[in-house]
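Computed over heavy atoms, backbone and side chain alike; hydrogens, waters and symmetry mates excluded. By convention in this document, chain letters (A, B, ...) are assigned in the order of the sequence lines, proteins followed by strands, and residues within each chain are numbered from 1.
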Protein chains: 2
Amino acid sequence: MRILVAEDDQRLAKMLRLHLERAGYQVDVAQDGVEALLQCQTYRYDLLILDWMMPRKSGIEVAATLRQEQFEGGILMLTARDTEIDLVHGLDSGADDYLVKPFQSNELLARLRALSRRQQKAFISTVTFHGLVLDLSSQTISYERHPIDLTRREFEFLSLLLRRPEQVMSRELIIEVVWGIGADITDNALDALVRLVRKKLDAVGAPNLIRTVRGFGYRLGDPHA
Amino acid sequence: MRILVAEDDQRLAKMLRLHLERAGYQVDVAQDGVEALLQCQTYRYDLLILDWMMPRKSGIEVAATLRQEQFEGGILMLTARDTEIDLVHGLDSGADDYLVKPFQSNELLARLRALSRRQQKAFISTVTFHGLVLDLSSQTISYERHPIDLTRREFEFLSLLLRRPEQVMSRELIIEVVWGIGADITDNALDALVRLVRKKLDAVGAPNLIRTVRGFGYRLGDPHA
DNA sequence: CGATGTTCATGCGGATTTTGGTGGCAGAAG
DNA sequence: CTTCTGCCACCAAAATCCGCATGAACATCG
């Protein structure tokens, strides 16, 4: 597993390398943002650790640029305690997770493992659609600031739709995603699930967002259409 | 500015005293960890220089103990170049900085200056949430000024949650952080741990802060939500 | 030994699924 | 254009299942 550490603090960089190599990663280190970018464009990395504040180019900028260039690995951002963490949250920088300095090596390693495990599912980006907000980091969906209390399956279902608004998802696909491939459930379970989610959306005043497409499946649609 | 040097190597200790005194510090020397501890409990020091490897009690142990006793001065750790050290752990133990032997006297002095500067500014870094206070410098957690007596794992767990309030931490991640990666425990150990922590929180009158999120994990939540 | 940490067995309650019934839509037939 | 018919979405409540909490027993470490 190849990993690039972009960190200007020499000592921290050294420390990181030590721990990561001991954990079996193949580690490269970049001293600043520009260097990190160059390295990424030259070599292939599975994971990236970016310091938030670096000379020449900040971690956010690097992450944003790389995502535009279709970088698909996991990105972990390092921030100092006193910097606004909300920034990480709010900005859709492309980072998947963050860690506040100082941190413990086992938390770092655990988060990295979590990242490589769920490579494609970013943690901290948010997706919104007509007042519905999906916050991956807290596994929460809310409507107009009202958090909606969803069970695991309900969450999986709604977030699936939310990630592809307006697009029809077939019943088959939904079942495979929510229950896993080869799940042994009746077709009706999905109906029941949909009903529950709709009820919960109603309860917080969200309009009729989940549209059923007869014979195909479901989609999230503009309530005023 | 009073400073204590704990170093078993006589020649190095002598050298340090020389340089430090020349730089205007008032210097005491301890020969090993236990002695250092005693001195600190007797006199007040602004700064500490601890050798990593010492007879009777290592620098880490001394630092950890002192932090628990609310020692607030800066701690600088000395390490040999070739020892393969768990640096992060070292810093976690309460040290503020470290220096690899052999070193130049001016680097030593520079780091000491940085340390004492940092002391004067807002130094005690704490994280708080609804009356719960995590004090990183002393590695303690308290509720409404009541210190909570936590075991190592309990502390790890609660501080993990505390560092990301409101955010759901998956059972997997928690286990990896608290027990380490690849720990061989039953899933149930976490349940048990949670129960203990909750009980201790109850005991000091803290409300229901640890929320379980079925199917996901746990999070620290607003008790009035 | 005592403190700390882990497992076991059990019970509860919420989450999930099933059942069975209703209604509406669409295309075919009148 | 209207009616019929079958399929499918939808609903409510009941049944089942599973995750989690719990207390006590057991192990481990200092």
Side-chain angles (χ1 to χ4, degrees), chain A residues 106 139 141 148-161 168-180 182-203 208-221, chain B residues 34 56-58 60-61 64-65 68 139-141 148-161 168-180 182-203 208-219 221:
Chain A
N106 50 358
Q139 299 275 300
I141 295 181
I148 307 174
D149 188 35
L150 298 172
T151 68
R152 194 178 32 194
R153 294 216 144 82
E154 292 162 357
F155 177 82
E156 277 296 331
F157 169 69
L158 190 50
S159 65
L160 174 63
L161 289 188
V168 180
M169 308 300 262
S170 74
R171 297 178 66 92
E172 277 174 342
L173 180 72
I174 293 174
I175 288 177
E176 282 191 358
V177 170
V178 174
W179 278 270
D184 185 26
I185 53 160
T186 337
D187 211 43
N188 224 339
L190 177 56
D191 298 337
L193 184 65
V194 172
R195 192 179 150 275
L196 290 175
V197 175
R198 278 183 169 145
K199 199 193 266 182
K200 289 192 177 175
L201 286 180
D202 269 356
N208 179 31
L209 291 169
I210 301 178
R211 307 299 192 72
T212 106
V213 182
R214 221 186 160 71
F216 292 100
Y218 298 87
R219 72 183 173 92
L220 232 53
Chain B
V34 175
R56 299 217 277 167
K57 225 178 182 57
S58 77
I60 317 171
E61 291 176 276
T65 309
Q68 283 199 340
Q139 297 280 301
T140 55
I141 295 180
I148 306 174
D149 187 35
L150 297 171
T151 67
R152 195 175 53 235
R153 291 198 199 289
E154 291 163 358
F155 176 82
E156 278 295 332
F157 169 71
L158 190 51
S159 66
L160 174 63
L161 254 49
V168 180
M169 303 302 225
S170 74
R171 295 178 70 92
E172 274 176 341
L173 183 73
I174 293 174
I175 288 176
E176 285 191 355
V177 171
V178 174
W179 277 270
D184 185 27
I185 53 158
T186 327
D187 215 40
N188 219 332
L190 178 55
D191 297 338
L193 184 66
V194 172
R195 193 174 149 280
L196 290 176
V197 175
R198 277 184 170 145
K199 200 191 267 183
K200 289 192 177 175
L201 286 180
D202 269 356
N208 179 30
L209 291 169
I210 301 179
R211 308 297 193 72
T212 109
V213 182
R214 250 163 203 276
F216 290 108
Y218 297 87
R219 73 184 171 90

Can you name the atoms? Protein N/O to nucleotides 26-30 of chain D N/O, anything below 3.5 Å, with the distance.
none

Within the sub-3.5 Å range, which N or O atoms of nucleotides 20-27 of chain C have a protein N or O partner, and how far apart are they?
unit_1: C:dG24; atom_1: N2; unit_2: A:Arg214; atom_2: NH2; d: 2.8

List every contact pair, protein side and nucleotides 12-16 of chain D side both N or O, where the distance is under 3.5 Å.
unit_1: D:dA12; atom_1: OP2; unit_2: A:Arg195; atom_2: NE; d: 3.4
unit_1: D:dA12; atom_1: OP2; unit_2: A:Arg195; atom_2: NH2; d: 2.3

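Here A:Thr186 reaches the OP1 or OP2 of C:dT18: one of its side-chain N or O atoms lies under 4.0 Å away. A close approach under 4.0 Å does occur between a side-chain nitrogen or oxygen of B:Arg198 and OP1 or OP2 of D:dA21. At least one side-chain nitrogen or oxygen of B:Arg153 sits closer than 4.0 Å to the OP1 or OP2 atom of C:dT6. Look at A:Trp179 and you'll find a side-chain N or O under 4.0 angstrom from OP1 or OP2 of C:dT17. Look at B:Tyr218 and you won't find any side-chain N or O under 4.0 angstrom from OP1 or OP2 of D:dG19. Close to C:dA3, at under 4.0 Å from its OP1 or OP2, lies no side-chain N or O of B:Thr151.
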When you look at B:Arg153 and B:Trp179, which way does the side chain to side chain contact (heavy atoms under 4.5 Å, CB included) test go after all the steps? CA-CA 8 Å; B:Arg153 291 198 199 289; B:Trp179 277 270; 3.6 Å; yes

Could you give me the CA-CA distance, side-chain angles and deciding distance for A:Leu150 and A:Phe157, then say whether side chain to side chain contact (heavy atoms under 4.5 Å, CB included) is met? CA-CA 10 Å; A:Leu150 298 172; A:Phe157 169 69; over 6 Å; no

Run the numbers on A:Thr212 and A:Arg171 for side chain to side chain contact (heavy atoms under 4.5 Å, CB included), then give the verdict. CA-CA 10 Å; A:Thr212 106; A:Arg171 297 178 66 92; over 6 Å; no

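The distance between atom CG of A:Asp202 and atom P of D:dC10, rounded to the nearest whole Å, is 13 Å. Residue A:Ile210 contributes atom CD1, which lies 13 Å from atom C1' of D:dC10 at whole-angstrom precision. When rounded to the nearest whole Å, the span between CZ of B:Phe155 and P of C:dA3 equals 22 Å. In this structure, A:Ile175 atom CD1 and D:dA9 atom P are separated by 11 Å, rounded to whole Å. Rounded to a whole Å, the CG atom of B:Leu193 is 19 Å from the P atom of C:dA3. Atom-to-atom, CG of B:Asp191 to C1' of C:dG13 comes out at 15 Å; the value is rounded to the nearest Å. As rounded to whole Å, 8 Å separates atom P of C:dT18 from atom CG of A:Asp184.
When every heavy atom of A:Arg198 is checked against every heavy atom of A:Ile210, the shortest pair comes out as NH2-O, 2.8 Å.
Mapping B:Lys200 and B:Ala189 onto DNA chain C by nearest heavy atom places B:Lys200 at the nucleotide closer to the 5' end. Sequence order on DNA chain C of the closest nucleotides to B:Asp149 and B:Asp187 puts B:Asp149 first from the 5' end.
Atom CD1 of residue A:Ile174 and atom CG of residue A:Leu193 lie 9.0 Å apart, to the nearest 0.5 angstrom. With rounding to the nearest 0.5 angstrom, the NZ atom of B:Lys199 is 4.0 Å from the CZ atom of B:Arg195. The distance from atom CG of B:Leu196 to atom CG of B:Leu201, rounded to the nearest 0.5 Å, is 11.0 Å. In this structure, the separation between CG on B:Leu209 and CG on B:Leu161 is 10.0 Å, given to the nearest 0.5 Å. Here the CG atom belonging to B:Asp202 is positioned 8.0 Å from the CG atom belonging to B:Asn208, to the nearest 0.5 angstrom. One finds the CD atom of A:Glu172 at 9.0 Å from the CG atom of A:Asp187 (value rounded to the nearest 0.5 Å).
For the helix from C:dC1-D:dG30 to C:dG30-D:dC1, the end axes, each set by the C1' atoms of five terminal pairs, are bent relative to each other by 30° (nearest 10°).
Under a 4.0 Å N-O distance rule, the pair A:Asp149/B:Arg214 does not qualify as a salt bridge.
Applying the side chain to side chain donor-acceptor pair (under 3.5 Å) test to A:Lys200 and every residue at least two apart in sequence or in another chain returns A:Glu154. For the ring-ring contact (aromatic ring centres under 6.0 Å, His included) test, residues two or more places apart in sequence or in another chain that qualify with B:Phe216 are A:Phe155.
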